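Heads up: the structure comes next, in structure tokens.
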Amino acid sequence: MEHFFATCPRGLEAQLAGELDMAGAVRIEAVAGGVGFAGSWESCYRANLWSRIATRILWRVAHGPYQREEDIYRLAHDVPWHKRFAVRRTLRVYMTAIRSPLRSLDFITLRIKDAVCDRFRAETGERPSVDTAEPNVRIHAFLSDREATLYLDTSGEPLYKRGFKYASVEAPLKENLAAGILMLAGWQPGTPLLDPMCGSGTFLLEAALIAHDIAPGLARKFGFFRLDNFDAALWQKLLTEAEARKQPFVAQPIFGSDISQDQVERARQNLAAAGMHECVRLERADLLQRSPPAADGVLVANPPYGIRLEEQEWLAAFYPRLGDALKQRFAGWRCYFISADPQLPKQIGLKASRRTPLFNGALECRLLEYRIIAGPMRRKAG
Ligand SMILES: C[S@@+](CC[C@H](N)C(=O)[O-])C[C@H]1O[C@@H](n2cnc3c(N)ncnc32)[C@H](O)[C@@H]1O
């Protein structure tokens with residue numbers, strides 16, 4: 001039994017805990033920003049392959065109290081790194097600290113790197129080199145006020161990089177946050193789903209993957225491939241199992257539109273990269289004009305952010321029109337907007353039935369739920 005820690009966007013810990021349970025994890029314990037668990041390597045591989053919510057799965061390799069920098073050096077030096085990965089692998093140390101009394105986190109990061117290299121040199125006569133851009137092996141250190149934990153990253157690139165998407169620009173919405181929003185919305189395959197501001201199509205692709213029971217990690221590489229204990233036969237078994245679970249591609253009631261033809265094209269390319277462009281219906285449309293694609297369903301959207309002043313002014317005029325459009329045409333739909341803009345709930349003119357705090361990276365957002373019912377609705381700031 002090993003100990004792991006899975007990180008995730010804050011606000012999705014309960015959903016991640018559920019996924020880890022499905023992956024065979026035990027002693028599951030959610031904290032802000034992640035979930036600790038114990039389990040076999042099979043549960044770790046499974047979590048990497050199947051979790052739609054996790055950002056990374058970290059393997060705990062050392063844990064202990066500290067007071068000074070040198071305590072952390074010693075903790076790191078005690079780990080038999082030469083039995084964990086080959087000296088030819090490049091590495092990088094990442095640091096997260098909450099209320100650590102130590103002055104320089106950069107210095108501790110350096111000391112951990114020194115400890116790893118010193119231990120390698122003592123055992124093998126050689127030391128691994130550092131690569132800060134694309135390391136083969138990532139070591140994460142977490143410091144609380146009194147305790148230090150060291151982890152080896154079993155994921156490598158963050159898990160929200162599914163490996164399908166090929167439009168290289170970063171999506172404004174990470175894939176794991178999009179998948180988490182679909183879960184919070186209670187969307188189930190078969191229920192009509194519309195993203196009327198689809199941009200690069202993150203919600204649509206996540207929904208299509210869920211609808212076809214496709215493991216989100218099926219097309220990518222993982223950090224654990226580079227660890228000495230990598231069990232290729234076990235991994236192959238999990239891949240074969242995941243291939244067998246894949247449902248045949250059929251058209252789904254999943255709909256996407258955007259006011260920008262360029263964005264519609266981008267979404268089409270991203271869906272095509274995953275082979276799913278024929279499962280999702282895409283069109284260019286203004287949300288303020290379009291009609292719903294079904295009598296009822298779930299609408300999810302990530303409206304533009306109001307960062308610049310002219311955008312804020314534009315949004316202030318847009319929100320009441322959005323509320324009116326929903327009231328007039330989307331009766332029967334449950335609508336979810338993820339936004340960091342406090343003006344949205346104030347100006348949309350609908351009463352939110354639920355507000356869930358969620359973090360998009362460091363940006364604090366709300367997932368706002370509006371249940372649109374038929375007939376005249378009272379205009380009320382929610
Ligand atoms: C923040 S982006 C959405 C990003 C998207 N979630 C993704 O994964 O890439 C907002 C999108 O809303 C679109 N948009 C703005 N006004 C719109 C309107 N009236 N109707 C439809 N789409 C609109 C923009 O073109 C932009 O693509």
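For clarity, every value in this text was computed on a predicted model and none was experimentally measured. Start at 1 and go down the list; that is how both ligands and their atoms are numbered. Computed over heavy atoms, backbone and side chain alike; hydrogens, waters and symmetry mates excluded.
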Query - Subset of ligand 1 atoms that lie under 4.0 Å from at least one heavy atom of P196 - result: 21 (C), 22 (N)
Query raised in the report: Looking at ligand 1, does any of its N/O atoms fall within less than 3.5 Å of an N/O of L288?
Result: no
Query raised in the report: Under 3.5 Å, N or O to N or O, is S260 touching ligand 1 that way?
Result: no
Report task. Give yes if a backbone or side-chain nitrogen or oxygen of L287 is under 3.5 Å from a nitrogen or oxygen of ligand 1, and no if not. Result -> yes
Query raised in the report: Out of curiosity, is Y305 lining ligand 1, as in a heavy atom under 4.0 Å away?
Result: no
Requested in this report: Output the list of atoms in ligand 1 that are nearer than 4.0 Å to some heavy atom of F318, sorted by atom number.
Outcome: 19 (N)
Query raised in the report: Is the closest heavy atom of A285 to ligand 1 under 4.0 Å?
Result: yes
**Report entry** Ring centers of W59, F224 separated by less than 6.0 Å
**Finding:** no
Query raised in the report: Polar-atom distance check: D195 versus ligand 1, any N or O pair below 3.5 Å?
Result: no
Query raised in the report: Are the charged groups of E42 and K237 less than 4.0 angstrom apart, N to O?
Result: yes
**Report entry** Chi angles and distances behind the ring pair (Phe, Tyr, Trp, His ring centres under 6.0 Å) call for F120, F85
**Finding:** CA-CA 10 Å; F120 257 106; F85 60 91; 5.2 Å; yes
Query raised in the report: Between R162 and E157, is there a salt bridge with N-O shorter than 4.0 Å?
Result: no
Query - Atom indices of ligand 1 within 4.0 angstrom of P303 heavy atoms, with elements - result: 1 (C)
Report summary line: ligand 1 atoms nearer than 4.0 angstrom to some heavy atom of D286 are 18 (C), 19 (N), 20 (N)
Report task. Please check if any side-chain donor atom of D341 sits under 3.5 Å from a side-chain acceptor atom of Y319, or the reverse. Result -> yes
Requested in this report: Give yes or no for whether the N/O distance cutoff of 3.5 Å, strictly under, is met between W314 and ligand 1.
Outcome: no
Report summary line: Under 4.0 Å from one or more heavy atoms of C198, ligand 1 contributes atoms 5 (C), 7 (C), 8 (O), 9 (O)
Query raised in the report: Nearest heavy atom to atom 24 (C) of ligand 1: which of V300, D262, D258, I338 does it belong to?
Result: D258
Query - Q263 and ligand 1 - part of the residue with a heavy-atom distance under 4.0 Å - result: side chain
Query - R111 and its side-chain hydrogen bond (donor to acceptor under 3.5 Å, both in side chains) partner, picked from E69, E70, H77 - result: E70
Query raised in the report: Does ligand 1 have any atom that is closer than 4.0 Å to a heavy atom of A178?
Result: no
Query raised in the report: Which of the numbered atoms in ligand 1 are below 4.0 angstrom from a heavy atom of T202?
Result: 7 (C), 8 (O), 9 (O)
Report task. Could you tell me which residues satisfy salt bridge (Lys or Arg N to Asp or Glu O under 4.0 Å) with E13, sequence neighbours excluded, listed by chain and number? Result -> none
Report task. Determine whether more than 12 heavy atoms belonging to other residues, nucleotides or ligands lie under 6.0 Å from atom CD of Q67. Result -> no
Query raised in the report: What atoms of ligand 1 come closer than 4.0 angstrom to any heavy atom of S200?
Result: 7 (C), 8 (O), 9 (O)
Query - Residues R371 and E369 bridged, charged N to O under 4.0 Å - result: yes
Report summary line: Quick look: S257 vs ligand 1, heavy-atom contacts under 4.0 Å, and the answer is neither
Query - Side chain R84, main chain L227, donor-acceptor under 3.5 Å - result: no
Requested in this report: Could you tell me whether R10 and E364 have a side-chain N and a carboxylate O separated by less than 4.0 Å?
Outcome: no
